[in-house]
Amino acid sequence: MGFATDAIHAGQEPDPSTGAIITPIFQTSTYVQDGLGKHKGFEYGRTSNPTRSAVEGNIAALEKGAGAAAFASGMAATSAVLSFAKEGDRVVATEDVYGGTYRLFEKVLKQYGIRFTYVDSSRLEQIERVMGDDVAMVFIETPTNPILRITDISAVAKIAHRHGARLVVDNTFMSPFFQRPLVLGADLVSHSTTKFLNGHSDSIGGMVVAANPKDVDHLHFIQNAVGAILSPFDSWLLLRGTKTLALRMERHNASAMVLARFLSQQPKVAKTHYPGLPDHSGHELARSQMSGFGGMISFETGSLDNARNVLEGLHVFSLAESLGGVESLICHPASMTHASIPEVDRQRLGVSDGLVRLSVGVEDLEDLQADLEQALERL
Ligand SMILES: *Cc1c(COP(=O)(O)O)cnc(C)c1O
């Protein structure tokens with residue numbers, strides 16, 4: 001089946017007891033058993049829940065995985081992924097991973113004896129240089145946030161596998177509509193479903209999809225053992241969200257392409273970062289491993305004052321953290337999403353005080369462009 005058909009149907013059957021076309025919210029903590037050891041596959045709500053199973057089956061199909069496990073947040077999903085690493089193992093990670101991921105690695109997991117090495121994963125030679133027998137996992141994000149650097153997924157998969165390590169890709173920014181890392185050779189895909197997958201800014205959640213059935217079993221074990229599961233209601237919201245994923249991603253992408261071109265032509269914008277622009281450093285790679293460029297853009301206004309002027313001058317774009325919802329958002333990475341990263345590292349990663357990031361929503365494109373136009377006039 002095609003992507004949009006799977007997005008609407010995969011993992012879901014009409015409810016056998018009523019025929020309801022939509023999978024119900026099974027808001028229950030336990031399941032009555034017919035006799036000792038005789039049950040319908042569900043014993044306790046932490047271990048499994050039919051609404052959660054449906055959304056896991058749905059997203060596993062979209063990512064072309066063997067199975068998936070849903071978690072209470074993107075960060076819970078990332079910590080489940082890191083449960084594949086043990087004390088003494090090293091993890092090689094993209095240097096500009098999501099700030100919360102960096103915090104989890106540095107402030108939490110380091111305490112348990114897992115070590116982290118950060119590289120610019122868009123440069124393969126940097127990954128090669130730090131690989132070794134102790135590396136259990138390569139964890140990449142592509143495109144990165146907020147500069148949108150692109151890493152070659154299939155090349156990194158080959159490097160990781162040559163060293164007996166798993167490749168994990170945080171696919172939050174692209175969603176499986178534009179990028180399917182498991183097809184390119186990755187072992188695990190993680191998502192903050194809070195963003196494009198749910199798409200309506202009304203739920204926090206995470207998902208891990210695995211290529212290997214044994215890894216799926218481990219993830220379900222972690223759900224049960226650690227307990228950071230996605231609730232029945234959030235599972236239901238997420239199922240509703242993925243039904244329109246194809247439509248939404250097409251619109252995010254089409255509008256972002258127009259706005260990125262528009263911004264790149266503005267004399268008051270020093271630099272526009274969008275993988276769909278031919279002058280983007282990862283443009284060719286993006287064209288080959290993604291089927292679209294997504295809804296995220298960042299651009300350089302030149303100074304903190306300019307950034308503030310733009311942010312405060314917008315009416316349709318709302319100033320907020322997060323991304324991937326139907327409504328357009330703008331944020332200031334240096335003081336918001338990336339505030340926990342030391343100033344020197346921020347400068348090196350290009351997260352300057354004048355940089356702003358857009359999550360282009362699905363409103364009328366004319367309104368979005370007019371909004372940016374009038375805000376830039378304030379500079
Ligand atoms: C938001 C985000 C996360 C964390 O997800 P939460 O749902 O907020 O816990 C992880 N990775 C990326 C790329 C994100 O954008």
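Counting starts at 1 for both ligands and their atoms, following the listed order.
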* To do: Please say whether more than 12 non-hydrogen atoms of neighbouring residues, nucleotides or ligands are located less than 6.0 Å from CZ in Arg240.
  =>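 Count over threshold, so yes.
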* **Aromatic ring proximity His273/Phe299, centre distance under 6.0 Å** =>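 No, the ring of His273 stays outside the 6.0 Å limit from the ring of Phe299, centre to centre.
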* side chain to side chain contact (heavy atoms under 4.5 Å, CB included) involving Glu106 - partner list, sequence neighbours excluded ->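 So Glu106 forms a side chain to side chain contact (heavy atoms under 4.5 Å, CB included) with Tyr102, Lys110, Phe116, Tyr118.
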* Asked: Quick one: side chain to side chain contact (heavy atoms under 4.5 Å, CB included) partners of Asp217, sequence neighbours excluded?
  ->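 Once residues adjacent in sequence are excluded, Asp217 has no partner under the side chain to side chain contact (heavy atoms under 4.5 Å, CB included) criterion.
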* **side-chain hydrogen bond (donor to acceptor under 3.5 Å, both in side chains) pairs, two or more places apart, involving residues 346-367** =>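 For residues 346-367: Glu95-Arg348, Asn145-Arg357, Glu300-Ser352, Ser328-Glu363, Glu343-Arg346, Glu343-Gln347, Asp345-Arg348.
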Write 'none' if nothing qualifies; otherwise put on separate lines each N/O atom of ligand 1 with a protein N/O atom under 3.5 Å away and their distance to 0.1 Å.
from, atom 1, to, atom 2, distance (Å)
ligand 1, 5 (O), Ser192, OG, 3.0
ligand 1, 7 (O), Gly74, N, 2.9
ligand 1, 7 (O), Ser192, OG, 2.8
ligand 1, 7 (O), Thr194, OG1, 2.7
ligand 1, 9 (O), Gly74, N, 3.0
ligand 1, 9 (O), Met75, N, 2.9
ligand 1, 11 (N), Asp170, OD2, 2.7
ligand 1, 15 (O), Lys195, NZ, 2.7

* Give the ring-plane orientation class for Phe42 versus Tyr31, where under 30° counts as parallel, over 60° as perpendicular and anything between as tilted. =>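 Phe42 vs Tyr31 ring planes: tilted.
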